[in-house]
Amino acid sequence: GNKIRNAKLVLLGDVGTGKSSLVLRFVKGQFVEFQESTIGAAFFSQTLAVNDETVKFEIWDTAGQERYHSLAPMYYRGAAAAIVVYDITNAASFTKAKKWVQELQAQGNPNTIMALAGNKADLLEARQVPADEAKAYAQENGLFFMETSAKTAINVNDVFYEIEIHRLMPKC
Ligand code: GTP
Ligand code: MG
């Protein structure tokens, strides 16, 4: 078919976890070592074929710096999906990710599909957050979980693909 579905999506997470890098990888297939910290938020869009459909993701890449925290509700309130990103080499960023999940659960739309992305999975030797711990947390809180790398591209398209699958089949 040639149906196009729009999906508003927001990325949330601590500063430097790789939100912009994940978006750059998904939208342009690129990675830069010195990605600049986001100011406010940045908008991108990208289409993805899922089964018979084309999904047009309308992506809000938010800034992780604390001074921008108060802007976040503008981006997550109407979102069909949220990707909460932490850095597997930074335990504090996982703590911050759990805070974002709590905020989404308390203030967000209950229909928003939530994904937890443990980014920088290429830096295994510096790991601080065990995958099992993140997976268990995600299961308890109704998120789906993947470890990603914006650098190597591992699991990046897959996160967006899985979001759309969950949107089509909310029970899975
Ligand atoms: P804010 O906009 O400040 O909230 O940060 P951000 O979450 O958008 O992080 P950003 O994408 O700017 O990435 C921060 C740094 O981490 C950059 O130097 C990236 O090159 C690096 N980085 C991002 N993703 C990865 C990854 O998967 N692997 C590795 N090794 N480095 C990464
Ligand atoms: Mg950024």
Contacts of Phe145 that satisfy ring pair (Phe, Tyr, Trp, His ring centres under 6.0 Å) - sequence neighbours left out
none
Stepwise, does the side chain to side chain contact (heavy atoms under 4.5 Å, CB included) test hold for Asn90 with Thr17?
CA-CA 8 Å; Asn90 180 339; Thr17 52; 6.0 Å; no
Would you check if Asp61 and Thr38 make a side-chain contact, meaning some heavy-atom pair closer than 4.5 Å?
yes
Residues which pass side-chain contact (heavy atoms from CB on, under 4.5 Å) with Ile154, listed by chain and number, not counting sequence neighbours
Ser149, Thr152
CG of Asn6 to NZ of Lys8: how many Å apart, nearest 0.5 Å?
11.5 Å
Non-hydrogen atoms of Ala49 and Tyr161 that approach each other most closely
O-CE1, 4.0 Å
Quick check: closest heavy atoms across Ala97 and Tyr86, and the distance to 0.1 Å?
CB-CB, 4.0 Å
Set out, in order, the CA-CA distance, both residues' side-chain angles and the distance that settles side chain to side chain donor-acceptor pair (under 3.5 Å) for Thr47 and Thr54, then state yes or no.
CA-CA 6 Å; Thr47 57; Thr54 301; over 6 Å; no
Following the transitive rule for hydrophobic clusters with a side-chain heavy-atom cut-off under 4.5 Å over Ile, Leu, Val, Met, Phe, Trp and Tyr, establish whether Leu116 and Leu123 coincide in one cluster.
no
Can you tell if the side chain of Ile163 reaches within under 4.5 Å of the side chain of Ile83, non-hydrogen atoms only?
yes
All salt bridge (Lys or Arg N to Asp or Glu O under 4.0 Å) counterparts of Lys151, not counting sequence neighbours:
Glu33
For Ser93 and Asp87, indicate whether the former's side chain and the latter's backbone hold a donor-acceptor pair under 3.5 Å.
yes
Asp158: partners by side-chain contact (heavy atoms from CB on, under 4.5 Å), with sequence neighbours left out
Met146, Asn155
Answer yes if Tyr68 and Phe44 sit in the same cluster of Ile, Leu, Val, Met, Phe, Trp and Tyr residues linked by side chain heavy atoms under 4.5 Å apart, and no otherwise.
no
In one Ile/Leu/Val/Met/Phe/Trp/Tyr side-chain cluster, 4.5 Å: Val15, Leu71:
no
CG on Leu48 to CZ on Phe26, rounded to 0.5 Å:
5.0 Å
Over 12 non-hydrogen atoms of neighbours within 6.0 angstrom of CD in Glu36:
no
Any residue meeting side chain to side chain donor-acceptor pair (under 3.5 Å) with Ser37, in chain and number order, not counting sequence neighbours
Gln65
Please, which pairs that meet ring pair (Phe, Tyr, Trp, His ring centres under 6.0 Å) have at least one residue in residues 98-119, sequence neighbours excluded?
His69-Trp100
Under the side chain to side chain donor-acceptor pair (under 3.5 Å) rule, collect the residues that match up with Asn141, sequence neighbours excluded.
Gln105
For the residue pair Ser45 and Lys56, what are the closest heavy atoms and their distance?
OG-CE, 3.9 Å
Any side-chain to backbone donor/acceptor pair from Gln128 onto Ala91? Under 3.5 Å, distance only.
yes
Are Leu143 and Leu22 connected, step by step, through hydrophobic side chains (Ile, Leu, Val, Met, Phe, Trp, Tyr) whose heavy atoms are closer than 4.5 Å?
no
Would you mind reporting whether Val10 and Leu12 have side-chain heavy atoms less than 4.5 Å apart?
yes
Remaining members of hydrophobic cluster (4.5 Å side-chain criterion), Leu24:
Val32
Rounded to the nearest 0.5 Å, the CG atom of Leu9 sits from the CZ atom of Phe57 at a distance of 6.5 Å
Please answer whether the main-chain N or O of Ala79 pairs with a side-chain N or O of Thr112 as donor and acceptor at a distance below 3.5 Å.
yes
With a 4.5 Å heavy-atom cut-off, do Ile59 and Phe160 have their side chains touching?
yes
Spacing of Arg167 atom CZ and Glu164 atom CD [to the nearest 0.5 Å]
4.5 Å
Please list all pairs meeting salt bridge (Lys or Arg N to Asp or Glu O under 4.0 Å) that have one or both residues in residues 127-138, counting only residues at least two apart or in different chains.
Arg127-Glu147
What's the shortest heavy-atom distance between Ala41 and Trp60, and which atoms?
CB-CE3, 4.1 Å
If only atom types and distance count, is the side chain of Asn51 paired as donor or acceptor with the main-chain N or O of Glu53 below 3.5 Å?
no
Do any pairs count as a side-chain hydrogen bond (donor to acceptor under 3.5 Å, both in side chains) and have a residue in residues 73-82, sequence neighbours left out, and if so which ones?
Tyr76-Glu103
In Å and rounded to the nearest 0.5 Å, what is the OG to CD distance from Ser20 to Gln35?
5.0 Å
Euclidean distance, Ile39 CD1 relative to Arg67 CZ, rounded to 0.5 Å
7.5 Å
State which residues pass salt bridge (Lys or Arg N to Asp or Glu O under 4.0 Å) with Glu66; sequence neighbours excluded, sorted by chain then number.
Lys96
Is it possible for you to say whether Val156 and Val23 belong to one hydrophobic cluster, with membership spreading through side-chain heavy-atom contacts below 4.5 Å?
yes
Applying side chain to side chain donor-acceptor pair (under 3.5 Å), can you list everything that pairs with Thr148, at least two apart in sequence or on another chain?
Asn119
Could you walk me through whether Phe94 and Asp14 pass the side chain to side chain contact (heavy atoms under 4.5 Å, CB included) test, one step at a time?
CA-CA 8 Å; Phe94 184 54; Asp14 208 351; over 6 Å; no
